[in-house]
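Quick one: the structure is below, questions incoming.
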Number of protein chains: 2
Amino acid sequence: MTLQLRLSWKDVRDTIHAWILESTYGPGDKLPRDEDIAEQLGCARSTVQRAMRNLSDSGIVERKRKGGTQVRLDPVTRATLDIPITRKEVEAKGSAYSYQRISEGMADIPLGIAARFGLGASVKMLRIEALHISDQRPYIYEDRWINTETVPEILSIDLSSESANEWLVRNKPFSRCDLRFYAVKATEYNAKILATTPNEALFVMERTTWIGTQPITSVKAVTSPGYQLFTQI
Amino acid sequence: MTLQLRLSWKDVRDTIHAWILESTYGPGDKLPRDEDIAEQLGCARSTVQRAMRNLSDSGIVERKRKGGTQVRLDPVTRATLDIPITRKEVEAKGSAYSYQRISEGMADIPLGIAARFGLGASVKMLRIEALHISDQRPYIYEDRWINTETVPEILSIDLSSESANEWLVRNKPFSRCDLRFYAVKATEYNAKILATTPNEALFVMERTTWIGTQPITSVKAVTSPGYQLFTQI
DNA sequence: TAGTGGTCTAGACCACCGG
DNA sequence: CGGTGGTCTAGACCACTAT
C-alpha cells in the first residue's frame, strides 16, 4: 500500500469521476462544494477546482456559481477533432504524398460561397482546384476560394505544386472557423477527378475562416470513397 | 482610456494570441519564458501559465519543459464536437421529436461490429433498429448492438417508445468512446426507412463505447439526406 | 443577500529534458 | 546539471445567481 501525500488534480478528477461511474452520484445529482471535497480528500480547494474544470470541459458535470456542481443530466458526447494538413495526414499513414493543381484563376464567387462568408453581393476571389494524392491515388479533391482583399500576398505565391492550405496555415492565422461535414453523391466531374464512379457517396469537409470579420478562405474538401474521420475519447 | 489593474488570464491569452496574429511571433518562433511575460505584462506567472495552457489546448502553441514555448509550426485545426442526444437536437431546432422502434432481438453480431469492439469470436448481443423522427419526417435511422453481458438491465427496459441511447447515456457512463464519420450510398432498405431514394448519399456517424475494457454498445446512425454536422471555432 | 464557483497572487517544489 | 514548464498551497477577493 502506497501512501500518497500530495494529490494531483488528476487523482482528484479520477476520484470524482469514479464516484459518478459507480453511481455514488448519478445524473442530475448535486456534488458537494469544492471546499468540502478538498477537505475530504485532503488537498487545496484550487486542486479540486482544477479537477472540476476538467470534468466540466469534458461535459461530465455542470457548474454554476451559487448553484454548485451537478452531474450532467443530458450528457453530450464531446469529442475533439484534429484536422491536420492533408500532407501530414497522408505522411502519418506512411504513404507518399503529392499535390496537383487543377485550375487557378479569379472569378465571381458563387452564391453558396457568398453565403458561407455571410456576404450579400458577389465579389471576385481566387479560385483554386487541386488534388491531394496518396500513393499515386486520388485522395482529396479540394475546391477553394481565397479572398485576395484579405490575402493579397497569395497572388505572388506559386501554387502549382504546393497546397494553398499549407501557405495559409503558416502565414495567415484565423480568428474564426466554421466547419461542416456531410455526404454528397459524386458528380461526373468528381468521379473523373477522384477516379471513381458517379453516384458514389463521398464524405465532404467544408472549412471557412476569417480574421476578425474579414473572410480569408472557404474550402470544400471532397474525399475519395472510403474516407473516414475518426476520433477517440 | 481605462486602466486595468488586474489582468485576467483571458487578457493575457488574447495579448499573446494577438502577438501571433500580427506576426510579432510567427510559426516556429520561440516565445519568451512565462516568467518574463508575466513581468512584462505585470501579472503572476500562474496567470501566464493559465493563458498558455489555453493556447496549448487550442493547438496554437506547443510547450516543452526546458524547451520553452513555441508557436506551432504545423497548426492543426482543432474543433470540439458536441454530439447531443438526438431528441435534444431535434427539439433544439424547434421541431417535434418522435421515436419508433423498428426491430429488437438477440442475434450474433456481424463481423463488422465484432471488429469495432475488438472481439475475435462472435457473441450474441441485443440488436435494436430504430427511427428518430423530426416533424413527422424520418431523421436518423439507428442500428444498434448492445452487449447484454455488460448491461443486463437493458433487457428489462421498454425500448418500444424510448431510445436505448437515452437510457444508456443516463445509466451507463462510458470510459472510452470511438467515433467515426463517413458517407454511404443508400441501400434499398435505407431508402425505404428514410423515405428517400436508393443511391442517395447519406452521412453516417458511428459510436462505440466501453466501460473499462468491456464493450457497452456500438451504434451506426444513418442520417437522412441533407444532414450536416457543424461546429465553430 | 448570502453562498458558491472563478480567479489572482506569491511562493515553493517537482518533473522533464536540452545542452 | 540547470532551466523551463507543471503543479500544489493558502489566502484573498470577485462575480454570478439561487433563494
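Computed from a predicted structure; not experimentally measured.
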* Which whole-number value in Å describes the distance from B:E62 CD to C:dG18 P? ->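 To the nearest whole Å, that distance equals 12 Å.
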
* Asked: In terms of the angle between their ring planes, are A:Y97 and A:H132 parallel, tilted or perpendicular, with boundaries placed at 30° and 60°?
  -> tilted

* Candidates D:dA18, D:dT9, C:dT7 - which lies nearest the side chain of A:K64 -> D:dA18

* Please give, in whole Å, the distance from D:dT9 C1' to A:R50 CZ? -> 15 Å

* Asked: Hey, which of these two, B:P32 or A:C43, hits DNA chain D nearer its 5' end, going by closest nucleotide?
  ->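 Of the two residues, B:P32 wins.
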
* To do: Return the value, rounded to whole Å, for the distance between atom CZ of A:R63 and atom C1' of D:dA15.
  => 14 Å

* Verify salt bridge (charged side-chain N to carboxylate O under 4.0 Å, His left out) between B:D34 and B:R63, making sure each step is shown before the conclusion. => CA-CA 11 Å; B:D34 290 4; B:R63 285 161 71 74; 2.7 Å; yes

* In whole angstrom, give the distance that lies between atom CZ of A:R65 and atom C1' of D:dT19. => 18 Å

* Go through the steps to decide whether A:K220 and A:D143 satisfy the test salt bridge (charged side-chain N to carboxylate O under 4.0 Å, His left out), and finish with yes or no. => CA-CA 5 Å; A:K220 183 160 82 172; A:D143 183 2; 5.3 Å; no

* For D:dG5, does either OP1 or OP2 sit under 4.0 Å from a side-chain N or O belonging to B:R45? -> no

* Using a 4.0 Å heavy-atom cut-off across all strands, classify A:R53 as base, sugar-phosphate, or nothing. =>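 Answer is nothing: A:R53 stays at 4.0 Å or more from every strand.
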
* Roughly, in whole Å, what's the span from NZ in A:K10 to C1' in D:dT7? -> 11 Å

* **DNA chain C: 5'-proximal contact among A:Q49 and A:K66 (nearest heavy atom)** =>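 Going by which nucleotide is closer to the 5' end, it is A:K66.
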
* Does a side-chain N or O from A:T47 land closer than 4.0 Å to OP1 or OP2 of D:dT7, or not? ->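 Negative; the distance criterion is not met.
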
* Check whether the side chains of B:S218 and B:R144 place a donor and an acceptor atom closer than 3.5 Å, and report yes or no. => no

* Round to the nearest Å and state the distance from A:D34 atom CG to C:dG3 atom P. =>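 Roughly 16 Å, once rounded to whole Å.
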
* So what does B:S46 hit on the nucleic acid, given a heavy-atom distance under 4.0 Å: a base, only sugar-phosphate, or nothing? ->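 Base, at least one base atom sits under 4.0 Å.
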
* How many Å lie between CZ on A:R13 and C1' on D:dC8, as a whole number? ->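 For the pair A:R13 CZ and D:dC8 C1', the rounded distance is 16 Å.
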
* is_close_aromatic(A:Y182, A:F203), centroid dist under 6.0 Å -> no

* Asked: Quick one: A:L55 CG to C:dG6 C1', roughly how many Å, whole number?
  ->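 Spelled out: CG on A:L55 to C1' on C:dG6 is 16 Å.
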
* Asked: According to a strict under-4.0 Å criterion, is A:T69 in side-chain N/O contact with OP1 or OP2 of C:dT4?
  ->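 Checking C:dT4 against A:T69, no side-chain N or O comes under 4.0 Å of OP1 or OP2.
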
